[in-house]
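Within every chain, numbering begins at 1; the chains are lettered A, B, ... in the order of the sequence lines, protein sequences first and strands thereafter. Any value given below was found using the heavy atoms of this structure, including those in side chains, with hydrogens, waters and symmetry copies removed.
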Amino acid sequence: MPELPEVETVRRGLEQRLAGRVLARVDQRRADLRFPLPRDFAKRLTGRRVVSVGRRAKYLLVNLDDGNVLLAHLGMSGRMVLEKPKGGPQTLGKFHHDRGKRDRHDHIVLTADDGWVVKFNDPRRFGMMDLVPAERLAGHKLIKNLGPEPLDPAFDAQALALRLKGKKTSIKTALLDQRVVVGIGNIYACEALFRAGISPKRLARTVQGARVEKLVAAIKAVLDDAIAAGGSTLRDYVQASGELGYFQHRFQVYDREGKACVSRACRKKVRRLVQGGRSTFYCANCQR
DNA sequence: CTTGGGTCCTGTGCGC
DNA sequence: TGCGCACAGGACCCAA
């Protein structure tokens, strides 16, 4: 689930909940996630005040008052679960049903000085956390090679065209390459290509001119829409009715194999293929 | 340098 | 019901 819109939604929730708060207690329940956690991780976090919460690509950046940044990635299955001092939990990143069975995947538990609890839950443990001095963040191994932010105004057709130039892989695979553009995952790569009317099989280097203009607009639009939807369903979730949601009700091709293309004029079946080991969903009629 | 494939890990859903 | 298999939102690492 966590692509840019989901991470941004989580960022906003964490910012609202944690900014200005002191981390009164930190429980670390494993020595490692995807990578080993740094030495004295919990100890170094305890007593720190959260200044703000930022985001770069799919990484969360929790800025601390000692000049360090808590760098976090949700991987495939990571989420942040917020729990009120009294009352039901609120999940950022995914709805939660059947509690209890899941608790063993609460790897890091932060308790703020106002009693709110933030649990980092990640069954598959593809997520990661690290503590790095702010001035060394840009040079961090996982950060230094990241491409442009898709919602940055500086990310325009020219910027994308430059990065696709000469690329022999498919455009779908290129969009998943975080050196080309960050934040796009398997869902939004499929959705953006559908909106742009571009075949996922098309060679990246041939996406130029009008096509790259269209693709950039589609990427920005789909991410914006998803962030807007994430925000609204998150508010809905506070009332805990259990609707399964977010943006998934609005997928036009993702996970819709065999279903009718949403285009009124088309209605052909959505197809699935595998590229770079990942499923791609597309309409062969609408996407060229 | 680029590119493709294997890999990490657990959970879920499906066919039989 | 149980079992085995395919597949799942990511991205690093290494061989070619």
Side-chain angles (χ1 to χ4, degrees), chain A residues 1-11 29-37 55-60 71-80 91-107 120-130 140-147 150 162-192 200-201 203-205 222-223 226-227 229-230 233 244-251 253-258 272-281:
Chain A
M1 166 196 278
E3 299 184 35
L4 187 149
E6 291 75 32
V7 177
E8 177 59 22
T9 300
V10 171
R11 184 199 70 74
R29 300 183 177 168
R30 316 183 40 96
D32 52 61
L33 299 171
R34 174 168 190 146
F35 309 115
L37 286 155
R55 178 188 59 75
R56 171 75 174 107
K58 298 173 195 170
Y59 292 91
L60 290 162
L71 177 65
H73 196 290
L74 301 174
M76 288 278 256
S77 57
R79 43 204 157 180
M80 296 288 181
T91 301
L92 293 180
K94 192 163 189 174
F95 285 86
H96 92 279
H97 318 108
D98 76 59
R99 197 153 145 46
K101 181 180 182 180
R102 246 194 31 212
D103 288 352
R104 65 192 167 113
H105 300 302
D106 289 341
H107 307 308
F120 173 67
N121 180 283
D122 184 11
R124 292 179 73 179
R125 253 181 292 125
F126 287 173
M128 60 78 62
M129 283 192 183
D130 198 5
H140 192 281
K141 188 184 180 189
L142 299 173
I143 301 294
K144 65 181 179 190
N145 293 321
L146 292 172
L162 185 70
R163 295 186 182 249
L164 295 179
K165 201 176 159 190
K167 274 204 157 284
K168 293 176 167 60
T169 46
S170 68
I171 185 62
K172 160 67 170 9
T173 300
L175 289 179
L176 295 179
D177 183 342
Q178 303 295 298
R179 292 166 303 186
V180 171
V181 56
V182 302
I184 300 174
N186 205 35
I187 293 173
Y188 299 109
C190 294
E191 295 294 315
K201 294 190 275 193
L203 288 188
R205 64 181 176 191
V222 76
L223 296 178
I227 290 171
T233 47
L244 245 103
Y246 284 110
F247 192 69
Q248 40 189 279
H249 297 303
R250 301 193 207 175
F251 294 162
V253 284
Y254 184 80
D255 205 21
R256 295 194 65 246
E257 181 183 16
R272 172 182 178 272
L273 76 141
V274 175
Q275 295 177 289
R278 324 262 331 251
S279 289
T280 298
F281 301 88

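- Here the P atom of nucleotide C:dA8 and the CG atom of A:N186 are 8 Å apart, to the nearest Å.
- The distance between atom CZ of A:F35 and atom P of B:dT7, rounded to the nearest whole Å, is 17 Å.
- Remark: the backbone N or O of A:D106 is not paired with any side-chain donor or acceptor of A:R104 at under 3.5 angstrom.
- Ranking B:dC9, C:dC12, C:dA11 by closeness to the A:R125 side chain, first place goes to B:dC9.
- Put simply, A:H105 has a side-chain N or O that comes within less than 4.0 Å of OP1 or OP2 on B:dG11.
- Using a 4.0 Å heavy-atom criterion, one finds that A:G185 contacts the sugar-phosphate atoms exclusively.
- A:I187 has its CD1 atom 13 Å from the P atom of C:dA11, to the nearest Å.
- Here B:dT3 is the nucleotide among B:dT3, C:dG10, B:dC9 with the atom lying nearest to any side-chain atom of A:R179.
- Side-chain atoms of A:N121 and A:R79 include a donor-acceptor pair closer than 3.5 Å.
- With sequence neighbours left out, A:Y254 forms a side chain to side chain contact (heavy atoms under 4.5 Å, CB included) with A:N186, A:I187, A:C190, A:E191, A:F251, A:F281.
- Atom NE2 in A:H73 sits roughly 8 Å away from atom P in C:dC12 (whole-Å rounding).
- Interatomic distance, A:L176 CG to A:I184 CD1, rounded to the nearest 0.5 Å: 8.0 Å.
- Taking atom P on both nucleotides, B:dG5 is separated from C:dC7 by 15 Å, rounded to a whole Å.
- Rounded to the nearest 0.5 angstrom, A:F35 CZ and A:K141 NZ are separated by 7.0 Å.
- In this structure, A:L33 places its CG atom 22 Å from P of B:dT7, rounding to the nearest Å.
- To the nearest 0.5 Å, the span separating CD on A:E8 from CD1 on A:I227 amounts to 5.0 Å.
- For A:K167, no side-chain nitrogen or oxygen approaches OP1 or OP2 of B:dG4 to under 4.0 Å.
- Residue whose closest nucleotide on DNA chain C sits further toward the 5' end, between A:R124 and A:K141: A:R124.
- At most 12 heavy atoms of other shown residues, nucleotides or ligands fall within 6.0 angstrom of atom CZ in A:R179.
- Distance, A:D106 CG to B:dG11 C1': 15 Å, rounded to whole Å.
- Distance from the side chain of A:K168 is smallest to B:dT3 among C:dA11, B:dT3, C:dA8.
- To the nearest 0.5 Å, the span separating CD on A:E257 from CG on A:L273 amounts to 9.5 Å.
- For the pair A:R278 and C:dG10, the criterion of a side-chain N or O lying under 4.0 Å from OP1 or OP2 is met.
- In terms of phosphate contacts, A:S279 brings a side-chain nitrogen or oxygen within less than 4.0 Å of OP1 or OP2 of C:dA8.
- Atoms CG (A:L176) and P (B:dG5) sit 14 Å apart, rounded to a whole Å.
- Between A:R104 and the phosphate of B:dG11, there is a side-chain N or O to OP1/OP2 separation shorter than 4.0 Å.
- Comparing C:dA8, C:dG10, B:dG11 against the side chain of A:Y254 picks out C:dA8 as the nearest.
- Within 4.0 Å (heavy atoms only), A:L142 reaches sugar-phosphate atoms of the nucleic acid but no base atom.
- Put simply, A:R34 has no side-chain N or O that comes within less than 4.0 Å of OP1 or OP2 on B:dC9.
- Stretches of at least 3 consecutive Watson-Crick or G-U wobble pairs, with each checked distance under 3.5 Å, appear in DNA chain B as B:2-8 with C:10-16, B:10-16 with C:2-8.
- Stacking of A:F126 onto the six-membered ring of C:dA11 is not present when judged by under 5.5 angstrom between centres and under 30° between planes.
- In this structure, CG of A:D177 is placed 10 Å from C1' of C:dA11, rounded to the nearest angstrom.
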